[in-house]
2 protein chains.
Amino acid sequence: MVEDTKERIRAVALALFTTHGYEQTSLREIADRVGITKASLYYHHPSKQALLIAIVEPLLTEWRMMVERLAAAPHTPEHVRDVLGECLDTMLRHRDACALFARDVPALLTAVGPILVEAKELGTRMNAWLAGPDPSLADRVRAFAATEVLNSALASAVMLPSVPQDELRATLLDAAAAVLGLPRTEPAPGRPGG
Amino acid sequence: MVEDTKERIRAVALALFTTHGYEQTSLREIADRVGITKASLYYHHPSKQALLIAIVEPLLTEWRMMVERLAAAPHTPEHVRDVLGECLDTMLRHRDACALFARDVPALLTAVGPILVEAKELGTRMNAWLAGPDPSLADRVRAFAATEVLNSALASAVMLPSVPQDELRATLLDAAAAVLGLPRTEPAPGRPGG
DNA sequence: GTCTATACCAGGATAGAC
DNA sequence: GTCTATCCTGGTATAGAC
């Protein structure tokens, strides 16, 4: 494939940005690990910022579409649960990029401010929907808390690697639902845990 | 007071580190805002790293003591609730420093690695206690999620400044308890929200 | 498409006068 | 205790050969 190198750069950069941070990762480090030089890197990506954007854009796009769809979604318990699940799946699919957003805010803010602003705005809309129609202040707080619960998937995946992904998903979904005060789903015959 | 300047530097630095990030804040910026020069700043704090440590140490000390006390605490529902509350209060008391820890991980990791490692270890012990004796995997995940709920106090305080702190506290405490599956406290006659 | 070499700049840190 | 002036490192980015 023609753009093999470009892709490899993206993959390596994502990994390094996520583990060491955006500012803490030098282009030299990325180039070294890819097996090329800094100058070659610049041939494929015009700047460090552009590289970051190329990495982050796919997640943002998907997230944006998801939030757009919310506008038409009715706020029923089952639907809320579906949305939480979809949200969680998106996060797990873009695990690394999400972790970057969550843990490296100041760096991303100075590097790609407008993108962060949009991400924050999407988060606000998501929360407004989750809080339901005509929400109390407590409802809004709970909506925030619920999304934080989903967020803990990122930390959990790292700290508890032995947890199978389905169980992680199910547990966090129940937890988020509990925060929002949703009725529990049927107890499912062989449910795990004491 | 003799050390007035030193204190003012700390206050300004904390504010800037929290809003713009550690790496993104230059010593010149801090000095400017305090109304002195970089060189004077170095008279009070021997390095940027030392300044960061001076800012972060109080929180870490308090946190450490709290976790120490957990070793002797029985894992009863009321006690779990108390611990969650204490945890939340500590966070709210050190709001800014906490936000720094939560949102600027990579920078802090490279600047004060060992401190971050200890903080992470304290978090692990906290979670181990929260998960209860002989926990299932799901219990551990829930413990993580519960602490994340408390964490959302930081974001909530910024995004929903109109929420009075008591209500924020009570709502998040209930939410965290719900995540852990604790029995609800008595419905409290004039409970807010719809 | 990849290289070597280099310009350029910002930020942390120090020396030494006052 | 505060200042001016300077050093030094390291990082982004570019020029131009192969």
Side-chain angles (χ1 to χ4, degrees), chain A residues 1-56 100 104-116, chain B residues 1-56 100 104-116:
Chain A
M1 34 212 85
V2 212
E3 305 267 270
D4 186 24
T5 309
K6 191 167 180 175
E7 267 312 306
R8 271 168 54 223
I9 293 173
R10 265 181 48 173
V12 168
L14 175 55
L16 288 176
F17 288 169
T18 313
T19 54
H20 302 160
Y22 177 73
E23 297 261 15
Q24 287 72 28
T25 304
S26 69
L27 295 180
R28 195 180 103 78
E29 204 176 345
I30 298 173
D32 278 0
R33 197 167 293 200
V34 175
I36 59 177
T37 64
K38 277 195 293 179
S40 302
L41 197 155
Y42 271 94
Y43 170 81
H44 296 282
H45 298 274
S47 73
K48 193 185 184 184
Q49 189 204 40
L51 176 55
L52 175 61
I53 293 179
I55 284 175
V56 148
L100 192 57
D104 211 4
V105 181
L108 263 56
L109 198 52
T110 55
V112 289
I115 288 185
L116 263 262
Chain B
M1 34 213 86
V2 211
E3 305 266 271
D4 186 24
T5 309
K6 191 166 180 175
E7 266 314 305
R8 271 169 53 224
I9 294 172
R10 266 180 49 172
V12 168
L14 175 54
L16 288 175
F17 287 169
T18 313
T19 53
H20 301 160
Y22 176 74
E23 298 261 15
Q24 286 72 30
T25 304
S26 69
L27 294 179
R28 195 179 103 77
E29 205 176 344
I30 298 173
D32 279 0
R33 196 166 295 198
V34 175
I36 58 177
T37 62
K38 271 197 298 178
S40 301
L41 198 156
Y42 271 95
Y43 171 81
H44 295 283
H45 297 275
S47 73
K48 193 183 185 185
Q49 189 204 39
L51 176 56
L52 174 61
I53 293 179
I55 285 175
V56 148
L100 192 57
D104 210 4
V105 181
L108 265 56
L109 199 52
T110 55
V112 289
I115 288 185
L116 261 262

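Below, chains carry the letters A, B, ... as their sequence lines are ordered, and counting in each starts from 1.
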- Does any donor-acceptor pair link the side chain of B/Lys38 with the base of C/dG12 at a separation under 3.5 Å? yes
Within the 4.5 Å heavy-atom criterion, are [X] and [Y] side-chain neighbours or not?
{"X": "B/Leu41", "Y": "B/Val34", "value": "no"}
{"X": "B/Ile30", "Y": "B/Thr25", "value": "yes"}
{"X": "A/Thr110", "Y": "A/Glu23", "value": "yes"}

Measure the distance from [atom1] on [X] to [atom2] on [N] and round it to the nearest whole Å.
{"X": "B/Glu7", "N": "D/dG1", "atom1": "CD", "atom2": "P", "value": "14 Å"}
{"X": "A/Tyr43", "N": "C/dG1", "atom1": "OH", "atom2": "C1'", "value": "6 Å"}
{"X": "B/Glu23", "N": "D/dG10", "atom1": "CD", "atom2": "C1'", "value": "12 Å"}
{"X": "A/Gln49", "N": "D/dA13", "atom1": "CD", "atom2": "P", "value": "8 Å"}
{"X": "A/Arg28", "N": "C/dT6", "atom1": "CZ", "atom2": "C1'", "value": "16 Å"}
{"X": "B/Glu29", "N": "C/dG11", "atom1": "CD", "atom2": "P", "value": "8 Å"}
{"X": "A/Lys48", "N": "C/dA10", "atom1": "NZ", "atom2": "C1'", "value": "14 Å"}
{"X": "B/Tyr42", "N": "D/dT6", "atom1": "OH", "atom2": "C1'", "value": "14 Å"}

- First of B/Leu27 and B/Ala39 reached from the 5' end of DNA chain C, by closest nucleotide: B/Leu27
Does [N] have its OP1 or OP2 closer than 4.0 Å to a side-chain nitrogen or oxygen of [X]?
{"X": "A/Ser26", "N": "D/dG10", "result": "no"}
{"X": "B/Thr37", "N": "D/dT2", "result": "no"}
{"X": "A/Ser40", "N": "C/dT4", "result": "no"}

- Query: How many angstroms lie between atom NE2 of B/His20 and atom CG of B/Asp104, to the nearest 0.5 angstrom?
  - Reply: 12.0 Å
- Could you work out which one of C/dA13, C/dT2, C/dT14 sits closest to the side chain of B/Ser47? C/dA13
- Message: Could you check whether any side-chain N or O of A/Lys38 sits under 3.5 Å from a backbone N or O of A/Ser26, counting only pairs where one atom can act as donor and the other as acceptor?
- Response: no
